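Input: a single structure, listed below in structure tokens.
In this text the structure is predicted, and so the values were computed from the model without any measurement.
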Amino acid sequence: MSFLDLARARYSERRFAPDPIEPEKLSRILEAARVAPTARNLQPQRILVVQSPEGLAKVDRATSCRFGAPVVLVLSYDMTVASRHPDVVDFGVVDTAIAATHMMLEAQELGVHSCWVGLIDPPELRRQFDIPRTQRIISVMPLGYPSERSHPAHLHEESLPLEQVVAWETYADHCG
């Protein structure tokens, strides 16, 4: 499968089967985050793996969007490590998003589905999992195998035409 085929096949899963993820597959997914590029190679991303019934119950207190997944990753970054540039962006957020994207695509390659979830209660996650104040919580990522009722959302294959997303050399003639 080509990279574009893999990227097109991946969709946000909202109907997980209860089947556990094999440890070797979970390790590969986490390794994809470890090798992700980060600003100045500072690697500020931090990943909390939650898979015990007790831990998943704690996740459920902080989001209604676990969708029955057997594993949830809590994604954050260490603010004492992340690169910041006053005129651009908080690269901790960017670095964490890049790591998350690497994990989602590696998961897809392995037949494991995922969903980026931003509908979370960060203070509740911090309380439930003793996440240090030096970490900024970005999102959670449920992981697992799709249920028999799984299907992409109705908008999955709808993307803007390339000419509305890309400008060449200048925005002066760009209508988008």
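Counting only residues at least two apart or on different chains, the salt bridge (charged side-chain N to carboxylate O under 4.0 Å, His left out) pairs with a member in residues 101-113 are Arg28-Glu106. For the ring pair (Phe, Tyr, Trp, His ring centres under 6.0 Å) condition, no pair includes a residue of residues 26-56, sequence neighbours left out. The list of salt bridge (charged side-chain N to carboxylate O under 4.0 Å, His left out) pairs with a residue in residues 122-134, not counting sequence neighbours, reads Glu124-Arg127. Annotation: ring pair (Phe, Tyr, Trp, His ring centres under 6.0 Å) contacts involving residues 95-154, sequence neighbours excluded, comprise Tyr11-His113.
Ion pair Asp90/Arg136 flagged as a salt bridge, since at least one NZ, NE, NH1 or NH2 atom sits closer than 4.0 Å to an Asp/Glu carboxylate oxygen.
Looking at Thr63, its side chain does come within 3.5 Å of a backbone N or O of Leu119 through a donor-acceptor pair. Proximity of a side-chain donor or acceptor of Glu22 to a complementary backbone N or O of Glu24 within less than 3.5 Å is not detected.
Counted by atom type alone, Arg14 and Ser150 present zero donor-acceptor pairs between their side chains at under 3.5 Å.
Under the 4.5 Å side-chain heavy-atom criterion for ILVMFWY residues, a single connected hydrophobic cluster contains both Leu162 and Trp168. Met104 and Val94 are assigned to two separate hydrophobic clusters, defined by single-linkage of ILVMFWY side chains at heavy-atom distances under 4.5 Å. Under the 4.5 Å side-chain heavy-atom criterion for Ile, Leu, Val, Met, Phe, Trp and Tyr, Val112 and Phe67 are members of distinct hydrophobic clusters.
Between Met103 and Leu75, the closest side-chain pair of non-hydrogen atoms falls below 4.5 Å. Leu73 is not listed as a side-chain neighbour of Val140, based on a closest heavy-atom distance of 4.5 Å or more. Looking only at side-chain heavy atoms (C-beta outward), Val72 and Met141 stay at 4.5 Å or farther from each other. Residues Arg66 and Ser64 fail the side-chain proximity criterion, which asks for heavy atoms closer than 4.5 Å. The closest side-chain heavy-atom distance from Met79 to Gln135 is not below 4.5 Å. Between Pro142 and Phe16 the shortest side-chain heavy-atom distance falls below 4.5 Å. With a 4.5 Å cut-off on side-chain heavy atoms, Asp95 and Tyr77 do not count as touching.
The shortest heavy-atom contact between His156 and Arg8 is NE2-O, 2.9 Å. Of all the heavy atoms in Leu26 and Ile21, the pair that sits closest is N-CG2, 3.9 Å. Listed here is the closest heavy atom pair of Val117 and Ile120: O-CG2, 3.9 Å. Listed here is the closest heavy atom pair of Pro70 and Ala17: CD-O, 3.8 Å. Nearest heavy-atom pair across Ala107 and Leu143 is CB-CD2, 4.3 Å. Of all non-hydrogen atoms in Gly111 and Pro146, the two that sit nearest each other are O-CD, 4.2 Å.
Remark: Glu157 CD is loosely packed, at most 12 non-hydrogen atoms of other residues, nucleotides or ligands lying under 6.0 Å away.
Considering only residues two or more places apart in sequence or on other chains, Arg34 meets the side-chain hydrogen bond (donor to acceptor under 3.5 Å, both in side chains) condition with Glu31.
Separation of atoms CZ (Arg149) and CZ (Arg15) is listed at 6.0 Å; rounding is to 0.5 Å.
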Criterion side chain to side chain contact (heavy atoms under 4.5 Å, CB included) on Ile98 and Thr38, from CA distance to verdict: CA-CA 8 Å; Ile98 293 169; Thr38 61; over 6 Å; no
Taking only distance into account, with no hydrogens and no angle test, what donor-acceptor pairs under 3.5 Å do side-chain atoms of residues 40-54 form with protein atoms, sequence neighbours excluded?
residue: Asn41; atom: OD1; partner: Gln43; partner atom: NE2; Å: 3.0
residue: Gln45; atom: NE2; partner: Ala33; partner atom: O; Å: 3.0
residue: Arg46; atom: NH1; partner: Gln43; partner atom: O; Å: 2.8
residue: Arg46; atom: NH1; partner: Pro44; partner atom: O; Å: 3.3
residue: Ser52; atom: OG; partner: Gly55; partner atom: N; Å: 2.9

